[in-house]
Amino acid sequence: MFCPNCGGENPDNSTFCSKCGKSLTNQYTDEKLNDTANTNYQNNNYPNNNYQNNNYQNNNQNTSIPGANENVPNYLVFSILVTILCCLPLGIAAIVFSSQVDGKLRSGDYYGALDSSKKAKTFCIISLISGIVVGIIYIILFSLGMLGSVLNQ
Amino acid sequence: MNFKKALKKHKLLIIIAAVIPAAIILYLFNPSTSKIFPPCPFKFLTGYYCPGCGSLRALHQLFHGNLIAALKLNSFMVLCIPLMIYLILSEMKIKIKGRRLFPRIVFSQSFYTIFLTIIILYWILRNIPIPPFIYLAPHL
């Protein structure tokens, strides 16, 4: 399949162009729905056919594609923050899973992307929690040390 | 379950409520002189710097407008800030006329490869105690 936007070659089952990232299924679904919409309107003798038709098509563009990039968070910020602030290798694992989210989105594997997205989130939360636990342990040890030095004097 | 729902509903509020006091504390106290901030657990356990070491001190310097001091403490983190601001804005999903103001970017695989390589190289290089590399470790 060739991308209608940039002309790059893609595997037949992909939903997004691997070169420019444009949706490859968009046009097809639009045409199809446009057809059914047309026949429906014709059957019902719907007035103002053109306007309704366009409206339908526009709405459809935002909702019909399950692989719409917008819906799958990659948690990249969260993983970078966790890597930098919690200093844990778990943050790097989270970045690796974020990369899988984007890779799978590019090849059109929506459910695979959702799966990696969940894994990235899990790793972020685990490293955030362990960072907080280490911080709390430090604060307890520090205040015990302070208490000890006060008592000694 | 209810707790989880409430957490999701007020996500933004909770984040703001956590970040603002932390930023004020970080503005008022310098992590390199005061002892109220916990040390990096990696540095504490192994004695080596991690890629994030110095980022609290760097943020403190940034809050006071010292960009150069911040770059000396943790250049990687400071250079990542513009990227992170965009990503945070993008995750907020601000919409104008139904379109996202900061669209979600699907990064290419090479972006991630380069990014991870930089983090790991930075991690290794800043621990080498020889002149060109000591400038990567936190210093003032």
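Note that these values count all heavy atoms, side chains included, but never hydrogens, waters or copies made by symmetry. Letters A, B, ... are given to chains in the order of the sequence lines, protein chains preceding strands, and every chain is numbered from 1.
- In terms of modelled atom types and a separation under 3.5 Å, the side chain of A:R106 and the main chain of B:V106 share a donor-acceptor contact.
- Residues of residues 67-81 of chain B lying under 4.5 angstrom from chain A, judged on non-hydrogen atoms, are B:F76, B:M77 by number.
- In this structure, chain A has a heavy atom under 4.5 Å from the side chain of B:L83, while its backbone stays farther away.
- Residues B:Y112 and A:N74 have side chains that bring a donor and an acceptor to within less than 3.5 angstrom of each other.
- A:S107 and A:D109 share no side-chain donor-acceptor pair at under 3.5 Å.
- Separating the CZ atom in B:R57 from the CG atom in B:N30 is a distance of 9.0 Å, to the nearest 0.5 Å.
- Atom NZ of B:K43 has more than 12 neighbouring heavy atoms from other residues, nucleotides or ligands inside a 6.0 Å radius.
- Both the backbone and the side chain of A:I95 come within less than 4.5 Å of a heavy atom of chain B.
- A:K104 NZ: more than 12 foreign heavy atoms inside a 6.0 Å radius.
- In this structure, A:S79 contributes its side chain and A:Y75 its backbone to a donor-acceptor pair below 3.5 Å.
- With a 4.5 angstrom heavy-atom cutoff, A:V134 touches chain B only via side-chain atoms.
- Counted within 6.0 Å of OH on B:Y86, heavy atoms from surrounding residues, nucleotides or ligands total more than 12; the atom is thus considered enclosed.
- The contact between B:I88 and chain A is made by backbone and side chain atoms together, counting heavy-atom distances below 4.5 Å.
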